[in-house]
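Mind having a look at this structure? Questions to follow.
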Amino acid sequence: MNILPSERRVNGLGRIAEVSPTNVPADPREAARRLLGARLLGRGVAAVIVEAEAYGGPVDGPWPDSAAHSFRGPTPRSAVMFGPPGRLYAYRSHGIHVCANVVCAEDGVAGAVLLRAAVIEDGEPLAAARRGPTVTPVALARGPGNLCSALGITLLDNGIDLFDPHGAVRLELGVPLDAAAGPRVGVSTAADRPWRYWVSGRPEVSAYRRSPRAPAPGASD
DNA sequence: ACGATGATCCGCT
DNA sequence: GCGGATCATCGTG
């Protein structure tokens with residue numbers, strides 16, 4: 001029920017200021033777990049991450065991942081993924097939505113974490129204003145596109161340093177949390193790989209949907 | 001230059 | 001559960 005142990009809580013959902021490393025594990029799977037419970041501060045809204053997915057890189061890298069944008073090497077869109085860790089990789093999905101990743105691998109290596117859902121901790125009226133009048137509180141930042149919308153993250157933020165204390169969008173790590181794990185949402189390849197992590201029981205976690213293009217569960221790929 | 005394809009979302013049934 | 005919106009991106013020719 002609680003995101004953090006009760007003695008660490010602030011405002012029912014909070015986390016702690018003194019535990020705020022400025023880096024994230026290089027391995028995208030460890031980084032995704034580590035980002036659960038982290039606080040994302042974006043343009044008047046604070047939100048605690050409760051769902052994230054790990055993405056690797058090309059076949060010759062440490063985490064070959066055919067589902068990653070970086071799989072076929074750097075392109076103009078995916079260039080940030082090959083840069084230094086701690087940066088924001090923001091991309092447009094389906095022409096409309098913006099999705100946010102935290103680059104975790106070392107400079108020159110592709111590896112990142114897609115932020116999929118968060119609990120609005122502060123600035124809920126602003127998040128609601130961005131999302132629209134019919135959206136319920138648990139859905140404000142449920143889903144990667146909705147999360148960016150609620151926090152005011154746009155493509156213009158692509159490449160910013162999330163650990164810059166003066167940045168417009170910032171990240172503060174929290175205490176490590178237990179994570180449930182399962183397959184990633186909507187990927188048509190590597191669809192069985194359990195690289196999606198979430199905080200059990202949180203209603204803000206998005207629903208799992210398998211890509212209709214993915215092979216039948218359990219088929220080799 | 002063109003066609004296929006989405007790391008999605010929302011509304012409808 | 002299903003399908004349409006909607007267009008940038010990327011690979012291919």
Side-chain angles (χ1 to χ4, degrees), chain A residues 24 27-29 31-33 35-36 40 47 49-59 61 63-82 87-105 110-118 120 127-128 130-159 162 179 181-198 203-217 221:
Chain A
V24 91
D27 185 314
R29 297 160 295 188
R33 290 176 175 276
L35 286 172
L36 299 181
L40 189 62
I49 306 298
V50 292
E51 182 190 359
E53 285 176 355
Y55 284 88
V59 280
W63 313 287
D65 183 6
S66 61
H69 289 170
S70 53
F71 183 58
R72 292 168 207 287
T75 66
R77 179 177 68 158
S78 68
V80 170
M81 289 193 107
F82 291 84
R87 307 277 256 263
L88 176 73
Y89 166 51
Y91 69 93
R92 187 185 299 282
S93 177
H94 292 262
I96 307 169
H97 311 288
V98 175
C99 299
N101 293 251
V102 180
V103 176
C104 57
V113 175
L114 172 67
L115 305 179
R116 286 200 55 92
I120 303 297
R130 289 177 173 139
R131 292 279 288 117
T134 67
V135 179
T136 61
V138 296
L140 285 173
R142 184 173 62 196
N146 294 335
L147 185 155
C148 286
S149 172
L151 297 199
I153 296 171
T154 74
L155 289 184
L156 296 175
D157 297 313
N158 187 41
L162 291 167
R184 293 173 290 185
V185 171
V187 296
S188 58
T189 65
D192 294 330
R193 192 178 289 193
W195 282 13
R196 173 177 176 244
Y197 305 92
W198 65 92
E204 298 85 357
V205 174
S206 67
Y208 174 66
R209 275 189 288 283
R210 190 179 183 87
S211 167
R213 307 180 61 84
D221 57 80

Applying a 4.0 Å non-hydrogen cut-off, can you work out what A/Asn146 is touching in the nucleic acid: base, sugar-phosphate, or nothing?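 Counting heavy atoms under 4.0 Å across all strands, the contact made by A/Asn146 is with sugar-phosphate only.
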A/Arg213 vs B/dT5: side-chain N/O to OP1/OP2 distance below 4.0 Å: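 Looking at the OP1 and OP2 atoms of B/dT5, one of them is under 4.0 Å from a side-chain N or O of A/Arg213.
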Under 4.0 angstrom between A/Arg210 side-chain N/O and B/dA7 OP1 or OP2: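 No.
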Whole angstroms only, please: what is the OH-C1' distance between A/Tyr197 and B/dA7?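 Atom OH in A/Tyr197 sits about 15 Å away from atom C1' in B/dA7.
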Write down the distance between CZ (A/Arg209) and C1' (B/dC10), rounded to a whole number of angstrom.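 Atom-to-atom, A/Arg209 to B/dC10, this comes out as 10 Å.
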Relative to the 5' end of DNA chain C, which residue comes earlier, A/Leu155 or A/Ile96, by the nucleotide with the nearest heavy atom?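 On the 5' side of the pair lies A/Ile96.
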Using a heavy-atom cut-off of 4.0 Å across all strands, would you classify A/Arg77 as base, sugar-phosphate, or nothing?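 If one applies the 4.0 Å heavy-atom cut-off, A/Arg77 turns out to touch the sugar-phosphate alone, with no base involved.
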If you look at every heavy atom in A/Ala127 and A/Ile120, which pair is closest and at what distance?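 Answer, listing the atom of A/Ala127 first, then A/Ile120: CB-CD1, 4.2 Å.
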Okay, side chain of A/Ser188, backbone of A/Pro212: is any donor-acceptor separation there less than 3.5 Å?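 Flag not set: sc A/Ser188 to bb A/Pro212 has no pair under 3.5 Å.
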Length of the CZ-P vector between A/Arg29 and B/dA7, whole Å: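 The answer, rounded to whole Å, is 20 Å.
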If you apply the rule side-chain contact (heavy atoms from CB on, under 4.5 Å), what do you find for A/Asp65 with A/Arg193, and how did you get there? CA-CA 10 Å; A/Asp65 183 6; A/Arg193 192 178 289 193; 3.8 Å; yes
Atom CZ of A/Arg72 to atom P of B/dT5: distance rounded to whole Å?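 One finds 12 Å between P of B/dT5 and CZ of A/Arg72, rounded.
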Is there a donor-acceptor contact under 3.5 Å from the side chain of A/Arg116 to the main chain of A/Leu147?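 It does not hold such a pair.
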Could you state the CZ-C1' distance from A/Arg196 to B/dA7, rounded to the nearest angstrom?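 Value for this atom pair: 12 Å.
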Measure from CZ on A/Arg193 to P on B/dA7 and round the result to the nearest Å.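 My rounded result for the distance is 15 Å.
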Base-pairing mate for C/dC10 - Watson-Crick or G-U, with both contacts under 3.5 Å: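 Pairing partner, where one exists within any strand: B/dG3.
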Quick check for you: among C/dA8, B/dT8, B/dC10, whose closest atom lies nearest to any side-chain atom of A/Val185?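 The listed nucleotide nearest to A/Val185's side chain is B/dT8.
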By nearest atom, which of the nucleotides C/dC10, C/dA8, B/dC9 is closest to the A/Arg92 side chain?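 When the side chain of A/Arg92 is considered, C/dA8 is the closest of C/dC10, C/dA8, B/dC9.
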Of the listed nucleotides B/dT8, B/dT5, B/dA7, the one nearest the side chain of A/His69: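 Looking only at side-chain atoms, A/His69 lies closest to B/dA7.
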Look at A/Ser188 and B/dT5 and indicate whether a side-chain polar atom (N or O) is within less than 4.0 Å of OP1 or OP2.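 So the side chain of A/Ser188 is outside the cut-off, no N or O lying under 4.0 Å from OP1 or OP2 of B/dT5.
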Where A/Ala90 and A/Asn158 come nearest, the two heavy atoms and their spacing: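 Looking at all heavy atoms of both residues, the closest pair is N-OD1, 2.9 Å.
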Please determine if a side-chain N or O atom of A/Arg116 lies less than 4.0 Å away from the OP1 or OP2 oxygen of B/dT8.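 Affirmative; the distance criterion is met.
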Nearest-angstrom distance from the residue atom CG of A/Asn158 to P of B/dA7: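 The answer, rounded to whole Å, is 16 Å.
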From C-beta outward on A/Tyr55, which listed nucleotide comes closest to its side chain: C/dA5, C/dA8, B/dA7?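 Per side-chain heavy atoms of A/Tyr55, the pick is B/dA7.
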Using atom CE of A/Met81 as one end and atom C1' of C/dT9 as the other, report the distance to the nearest whole Å.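 Computing the A/Met81:CE to C/dT9:C1' distance gives 15 Å.
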Has A/Thr75 got a side-chain N or O lying under 4.0 Å from the OP1 or OP2 atom of C/dC10?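 Yes, because at least one side-chain N or O of A/Thr75 sits under 4.0 Å from OP1 or OP2 of C/dC10.
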Planes under 30° and centres closer than 5.5 Å, is that true for A/Tyr91 with the base of B/dA7?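 One would not call A/Tyr91 stacked on the B/dA7 base.
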Do we count A/His94 as stacking onto B/dT8 if the rule is ring centres under 5.5 Å and planes under 30°?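 Yes, A/His94 stacks on the base of B/dT8, since the ring centres sit under 5.5 Å apart and the planes are within 30°.
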Who pairs with C/dG4 - Watson-Crick or G-U, where each distance is under 3.5 Å: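 Partner of C/dG4: B/dC9.
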Closest approach to the side chain of A/Arg131, judged atom by atom: which nucleotide of C/dT9, B/dC10, B/dC9 is it?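 It is B/dC10.
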Nearest to the side chain of A/Cys99 - B/dC10, B/dT8, C/dC10?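 Ranking B/dC10, B/dT8, C/dC10 by closest atom to the A/Cys99 side chain puts B/dT8 first.
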Which of these nucleotides, B/dA7, B/dT8, C/dT6, is closest to any side-chain atom of A/His97?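 Nearest listed nucleotide: B/dT8.
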Would you say A/Arg196's side chain and A/Glu53's backbone share a donor-acceptor pair under 3.5 angstrom?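 No.
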Does the A/Glu51 side chain pair with the main chain of A/Ser206, one donor and one acceptor, at a distance under 3.5 Å?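 Yes: the side chain of A/Glu51 pairs with the backbone of A/Ser206.
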